[in-house]
Structure formats: structure tokens, C-alpha cells
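Just so you know, residue 1 is the first one in the sequence shown, and it goes up from there.
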Amino acid sequence: MNTLKIVGLLCCSAFLVRSAHIPEKSMDAMSLIEKILGNIPVVHGSITTPLLQSRNMPYQSMVTSLGIPAAPELRTVCRPLNQIDFTLEMCLSSMSAGLQLYQDVLGELKERVTTDKVTGLLADIRDLLAQVTKMQEPGQMSSVAQYEASGLASRLPGDYEVQVATHFTLLQLRDFTQNLKRSLRNVEHLTSRPGQRG
């Protein structure tokens with residue numbers, strides 16, 4: 001067996017050892033994802049009025065005018081067309097940044113709404129962020145994208161703007177969480193195969 005083959009085997013073995021904890025942690029994360037997806041409609045219904053939910057509102061213009069931040073796009077980093085471009089560190093970092101974003105935005109909205117259901121949703125997001133963090137290597141922790149506060153509350157002068165921001169934030173959170181679910185499945189698949197990069 002030549003030197004290149006030995007090095008290749010060592011690299012594959014090292015990756016498998018480093019990613020061996022992913023399946024266990026992803027099971028816990030999947031459970032939280034399903035819980036979040038189930039709770040979003042409950043929170044949405046308790047905060048927004050039927051009139052707001054039924055209105056055909058210009059999504060992009062409202063999001064832009066209120067300055068509602070968008071989460072990182074997971075598809076390109078966690079489910080690339082060319083799987084050789086997949087990097088576990090970048091994928092988990094993007095997941096973490098998105099969850100931090102919704103912790104911040106929903107945390108600000110929580111202070112302006114009349115229901116305590118947002119508190120439970122925030123707790124689930126916090127727990128999911130903890131699970132994603134556990135999937136990362138200790139040496140990668142410093143590279144995790146740190147989300148900066150959005151200051152959304154300062155752009156919401158009245159109750160109507162709060163409702164609109166809550167409406168669109170929950171829609172965005174639903175889409176992000178669905179993408180996170182698909183991305184996590186891809187992580188499970190790729191980290192179970194030798195030769196993938198961490």
C-alpha cells in the first residue's frame with residue numbers, strides 16, 4: 001500500500017470519527033424542528049388578525065420597508081448542486097446564524113405582542129441552536145457566524161407594523177426551518193459517506 005493510499009485512508013477515518021456524533025445530535029435536532037414547525041401556526045394565529053392573514057400583501061416590499069432581516073440561504077451551502085462543494089463547517093455555521101437571527105427578531109417582537117406563546121417558540125429555537133452547536137467541532141466554534149442585532153423594534157411605530165412584522169417573520173421562520181430540515185438530512189447523508197470534507 002503506497003503512501004497516498006495510507007494518507008487517504010487516514011483522512012477518511014478522521015472525518016468519520018469527527019462526524020460520528022452527527023446522527024445522534026441530528027435526531028434531537030429533527031425533533032425540535034418538527035416541534036417548531038408545529039408551533040409556528042399556533043403562534044401565528046394567536047398574534048395576527050384574520051384580516052391580516054387573508055390579505056394579499058406585497059411580501060417583498062413590506063419586508064424591505066420594515067427592514068425585516070433575511071436568514072442565510074441554506075440551499076447553496078448545505079445542499080449544493082455539486083456535492084464536492086459541501087463543507088460541513090460552512091453549513092452548520094449558516095444554520096447557527098439563521099437561528100441566532102430568529103432568536104433576536106422574535107425576542108424583539110415578544111416585547112410588543114400580547115401573547116406568551118412566542119416565549120415557547122423562542123425556547124425551542126434556543127434548544128435547536130444548542131443542538132446545532134454541539135454538531136460542530138470545538139476548533140470550529142470561533143468560526144461560527146455571529147448575528148448582529150437587527151434593531152427591528154425601532155422600525156415598528158405601532159401595533160399594525162408589529163403585526164405585519166410578526167406575520168412575515170413567522171413565514172420566513174417556517175421557510176427557513178423547512179430548509180434546515182432538508183439540509184440536516186443532507187448532512188446526515190453526506191457525513192455517513194467516507195471522503196466528504198468537514
Side-chain angles (χ1 to χ4, degrees), residues 7-44 59-60 63 68-106 121-148 150 168-198:
V7 171
L9 287 173
L10 289 174
C11 289
C12 291
S13 298
F15 179 83
L16 289 174
V17 169
R18 285 159 48 207
S19 60
H21 64 299
I22 294 291
E24 178 184 351
K25 297 295 185 297
S26 66
M27 287 180 61
D28 295 333
M30 281 294 188
S31 177
L32 287 165
I33 286 171
E34 294 296 345
K35 187 177 179 183
I36 290 170
L37 288 173
N39 284 340
I40 287 173
V42 177
V43 176
H44 191 262
Y59 177 86
Q60 193 55 55
V63 168
I68 301 173
E73 172 56 56
L74 296 181
R75 185 187 305 273
T76 54
V77 294
C78 295
R79 308 194 309 280
L81 293 176
N82 185 355
Q83 295 288 19
I84 199 171
D85 294 330
F86 171 79
T87 303
L88 181 61
E89 179 182 350
M90 289 182 61
C91 177
L92 294 176
S93 180
S94 295
M95 290 180 182
S96 176
L99 292 169
Q100 289 178 59
L101 181 152
Y102 288 110
Q103 269 194 316
D104 167 64
V105 173
L106 286 174
L121 185 59
L122 274 168
D124 293 335
I125 293 172
R126 179 200 64 212
D127 292 344
L128 180 55
L129 176 59
Q131 290 301 321
V132 171
T133 300
K134 289 178 183 178
M135 295 182 201
Q136 296 176 296
E137 290 295 304
Q140 295 175 352
M141 297 300 292
S142 60
S143 65
V144 174
Q146 294 298 316
Y147 174 73
E148 295 183 3
S150 65
F168 287 123
T169 297
L170 290 173
L171 292 182
Q172 287 185 339
L173 174 61
R174 179 198 62 195
D175 293 343
F176 175 79
T177 306
Q178 289 172 340
N179 276 323
L180 197 155
K181 180 179 179 179
R182 288 189 285 267
S183 298
L184 195 55
R185 283 176 175 164
N186 194 51
V187 167
E188 290 175 337
H189 173 66
L190 292 178
T191 55
S192 67
R193 295 162 52 190
Q196 298 296 331
R197 292 179 295 163

Contacts of type side-chain contact (heavy atoms from CB on, under 4.5 Å), residue L122, not counting sequence neighbours: L106, K110, V118
Could you tell me which non-hydrogen atom of R79 sits nearest to which non-hydrogen atom of S183, and how far apart they are? NH1-OG, 2.9 Å
Quick one: are S26 and V187 in side-chain contact, heavy atoms under 4.5 Å? no
So which atom in S94 and which in P72 form the shortest heavy-atom distance, rounded to 0.1 Å? O-CG, 3.7 Å
Taking side chain as C-beta onward, heavy atoms only, is V77 less than 4.5 Å from T87? no
State, yes or no, whether a side-chain contact exists between V105 and Q172 at a heavy-atom distance under 4.5 Å. no
For a quick test of reading the model, state the closest non-hydrogen atom pair linking F168 to I68 and the distance between them. CB-CD1, 3.9 Å
Nearest heavy-atom neighbours spanning Q131 and D28: OE1-CB, 3.6 Å
How long is the straight-line distance from NE2 of H44 back to CG of L173, given to the nearest 0.5 Å? 11.0 Å
Sorted by chain and residue number, the side-chain hydrogen bond (donor to acceptor under 3.5 Å, both in side chains) partners of T177 (sequence neighbours excluded) come out as none
For A71 versus F176, what's the shortest heavy-atom pair and its separation? CB-CD1, 3.5 Å
To the nearest 0.5 Å, tell me how far Q103 CD sits from I125 CD1. 7.0 Å
At what distance, to the nearest 0.5 angstrom, does CG of D104 lie from CG of L99? 12.5 Å
Please assess M135 against L184 for the test side-chain contact (heavy atoms from CB on, under 4.5 Å), listing each intermediate value before the final yes or no. CA-CA 11 Å; M135 295 182 201; L184 195 55; 3.8 Å; yes
Under the rule for side-chain hydrogen bond (donor to acceptor under 3.5 Å, both in side chains), what residues qualify as partners of R182, not counting sequence neighbours? N179
Could you give the side-chain donor-acceptor pairs of residues 33-41 under 3.5 Å, partners two or more places apart or in another chain?
from, atom 1, to, atom 2, distance (Å)
E34, OE2, K181, NZ, 2.5
K35, NZ, D124, OD1, 3.3
N39, ND2, K35, O, 3.4
N39, ND2, D124, OD2, 3.2

Only one of P69, S150, S96 passes side-chain contact (heavy atoms from CB on, under 4.5 Å) with L101; say which it is. P69
